[in-house]
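If you're wondering where the values come from, they're calculated on a predicted model, not measured in any experiment. Quick note on labels: first sequence line is chain A, next is B, and so on, each numbered from 1.
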2 protein chains.
Amino acid sequence: MEHDTEGRADLYEQLARIGKVIVHPKRIELLDLLCQAERSVEALAAATGLKLTTASAHLQVMRQARLVEIRREKTRVFYRAAGEEVCRFVGALNDLARARLAEVDQILRSIDTGSADTERVSRSELLARIQHGEVVVIDVRPEEEYAAGHIPSARSFPVEHLEARLDELDLNLEVVAYCRGPLCLLAPEAVALLRARGHHARCLEDGLPEWRQAGLPVESGLDSPLPLKPKACPSGEVRRSSRTAGRRR
Amino acid sequence: MEHDTEGRADLYEQLARIGKVIVHPKRIELLDLLCQAERSVEALAAATGLKLTTASAHLQVMRQARLVEIRREKTRVFYRAAGEEVCRFVGALNDLARARLAEVDQILRSIDTGSADTERVSRSELLARIQHGEVVVIDVRPEEEYAAGHIPSARSFPVEHLEARLDELDLNLEVVAYCRGPLCLLAPEAVALLRARGHHARCLEDGLPEWRQAGLPVESGLDSPLPLKPKACPSGEVRRSSRTAGRRR
DNA sequence: ATCATGTTCCATAGATCTATAGAATAAAGT
DNA sequence: ACTTTATTCTATAGATCTATGGAACATGAT
């Protein structure tokens with residue numbers, strides 16, 4: 001006599017709902033973006049190169065699987081990852097892919113970023129050095145993602161503007177760059193550039209989501225403690241307070 | 001100018017290879033089984049109620065994604081999960097599903113197992129009590145899975161035989177039952193039965209895979225330290241040694 | 001060599017998924 | 001009341017996936 005045959009079939013069907021989300025490359029890409037910051041449908045479509053209606057359709061699928069949630073504001077709909085478990089899951093997917101799929105490593109290596117990847121700074125080391133003021137931490141992701149959450153004391157330097165703003169970085173201080181995660185190449189790219197210009201620079205291990213998941217402090221809002229450009233403080237609406245440390249549920 | 005557009009698309013396509021495996025309920029079921037023990041195609045087809053050719057096709061998909069590996073023996077092919085990362089991933093999937101999908105909890109509850117689930121024993125507590133000899137640990141999964149790896153000192157009591165073998169369990173000792181994991185209902189079922197018969201019984205938190213992932217000792221082979229039935233020691237061929245603790249790769 | 005066994009390969013019908021244009025909504029503005 | 005703006009719904013053609021029977025393949029056994 002089989003045990004709970006009917007119940008188990010249902011159960012696996014439920015699990016498959018989650019699989020359905022990550023079976024399509026674009027949906028993984030969307031989920032990845034949403035783990036960094038919430039965005040409107042329009043922004044997501046633009047970021048992934050999808051037609052608007054197609055992006056919307058993908059988002060519906062993700063929503064049915066409860067991996068994303070929405071927030072309405074005026075006529076706009078903002079999507080976001082539904083909880084930290086989702087980001088953790090995406091992280092697990094990345095880890096598994098790196099562990100099992102040689103192709104992934106190969107792709108990462110094929111996009112040569114010199115030796116930027118070789119010696120990464122650990123989170124604990126960075127934390128210690130931040131306290132001693134020995135480093136400049138730069139967040140090289142797009143500005144929205146920085147605004148949605150960043151390492152305290154980090155400054156926003158989206159890679160695409162890095163070169164133009166090199167003079168803002170002290171040549172005598174080591175620079176630590178971070179981005180979205182281990183599979184993201186923004187930080188290695190930034191480090192490669194910095195090194196080429198004579199800076200002492202390294203990447204942080206992993207990215208912001210992992211930092212957050214480690215229970216380390218995260219700050220949000222666009223302002224950063226800019227010692228150089230005091231930049232008139234913006235209207236304030238974007239300046240949500242820093243929620244510190246672990247919300248472990 | 002977009003960054004590494006081409007490389008990233010490839011990357012997400014690689015990640016989607018993994019999604020492809022868990023998009024089909026039966027493949028998740030197969031993967032679940034393979035995280036417990038290796039099995040032949042025939043056995044897998046039988047266990048999941050699939051036609052042989054269909055099961056084989058599913059296994060090919062899983063193999064292409066590198067989530068399973070094979071071992072040939074005579075004319076038979078044994079499939080197994082390709083490394084512990086795979087089991088960890090399946091665990092992450094289960095966790096996410098439980099966290100995000102109310103339906104999952106509902107299904108679990110709909111299959112009533114009384115209050116067997118309410119108070120589970122933690123791994124550390126069990127470990128301590130095993131050392132004091134205060135408990136009887138029973139592995140209620142099918143015997144093959146017990147043979148492939150079990151908690152040291154646990155005895156194999158597949159649920160389907162539990163009732164018939166109740167007299168082998170001392171009424172004065174607490175019984176701790178475990179099975180495949182948090183979504184598996186074998187242990188709760190066993191505990192419900194035991195309680196109905198006057199035993200003091202509880203479930204272990206999670207199942208064997210989680211125990212193993214916690215780096216706790218795992219023993220394999222069919223023999224168990226049976227204090228009651230000394231049972232002439234079998235020919236030895238099934239008696240692989242116990243590999244202890246964490247193989248962290 | 002020949003046969004038996006267990007598995008994979010092949011072809012295919014039916015089901016499901018994807019991208020997309022255009023219509024329909026819904027919430028603000030005017 | 002209209003008009004905008006942002007998004008979702010609808011319909012659909014084309015692509016991909018699934019289950020399955022039967023053929024084809026290996027590997028042992030006789």
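- With rounding to whole Å, K26(A) atom NZ is found 14 Å from dT18(C) atom P.
- Computed from coordinates, the R71(A) CZ to dA26(C) P distance equals 21 Å when rounded to whole Å.
- Taking E163(B) as the reference, R197(B) meet the side-chain hydrogen bond (donor to acceptor under 3.5 Å, both in side chains) condition, with sequence neighbours excluded.
- In this structure, M62(B) places its CE atom 16 Å from P of dC17(D), rounding to the nearest Å.
- Proximity of residues 35-43 of chain A to DNA chain C (heavy atom under 4.0 angstrom from any strand atom) is not detected for any residue.
- The CG atom of L59(A) sits 16 Å away from the P atom of dA6(D) (whole-angstrom rounding).
- At dT8(D), one or more side-chain N or O atoms of Y79(A) fall inside 4.0 Å of OP1 or OP2 (strictly under the cut-off).
- Here S56(A) reaches the OP1 or OP2 of dT8(D): one of its side-chain N or O atoms lies under 4.0 Å away.
- In this structure, CD of Q64(B) is placed 13 Å from P of dT8(C), rounded to the nearest angstrom.
- In this structure, W211(B) contributes its side chain and P217(B) its backbone to a donor-acceptor pair below 3.5 Å.
- To the nearest angstrom, P of dA6(D) lies 6 Å from CZ of R76(A).
- Atom CG of L44(A) and atom P of dA6(D) are 14 Å apart (whole Å).
- Taking atom CG on L52(A) and atom C1' on dT7(D), their separation rounds to 7 Å, with Å as the unit.
- Under a 3.5 Å cut-off, the side chain of R100(A) and the backbone N or O of R66(B) do form a donor-acceptor pair.
- Pairs engaging residues 58-102 of chain B under the ring-ring contact (aromatic ring centres under 6.0 Å, His included) rule: F89(A)-F89(B), H24(B)-H58(B) [sequence neighbours left out].
- H58(A) has a side-chain polar atom (N or O) that falls below the 4.0 Å cut-off from OP1 or OP2 of dA19(C).
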For this session: Can you check each nucleotide of nucleotides 20-30 of chain D against protein heavy atoms at under 4.0 Å and return B for base, S for sugar-phosphate only, - for none, in 5' to 3' order?
Result: BBB----BSS-

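- Among residues two or more places apart in sequence or in another chain, the salt bridge (Lys or Arg N to Asp or Glu O under 4.0 Å) test is passed with R39(B) by E144(B), E145(B).
- Contact annotation: K20(B) does not reach the phosphate of dT16(D) (side-chain N/O to OP1 or OP2, under 4.0 Å).
- Using a distance-only test at 3.5 Å, with no hydrogens or angles considered, a donor-acceptor pair links the side chain of Y178(B) to the main chain of I151(B).
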Which side-chain N or O atoms in residues 16-23 of chain A pair as donor and acceptor under 3.5 Å with protein atoms at least two apart or in another chain?
unit_1 : atom_1 : unit_2  : atom_2 : d
R17(A) : NH1    : Q14(A)  : OE1    : 2.6
R17(A) : NH1    : E103(B) : OE2    : 3.2
R17(A) : NH2    : Q64(A)  : O      : 2.6

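- Checking the phosphate oxygens (OP1, OP2) of dT18(D), a side-chain nitrogen or oxygen of R27(B) falls inside 4.0 Å.
- Checked by atom type and distance alone, the side chain of Y146(B) never pairs as donor or acceptor with a backbone atom of G221(B) at under 3.5 Å.
- The closest donor-acceptor contact from the side chain of T48(B) to the backbone of L44(B) lies under 3.5 Å.
- Residue H24(A) places at least one side-chain N or O closer than 4.0 Å to OP1 or OP2 of dA19(C).
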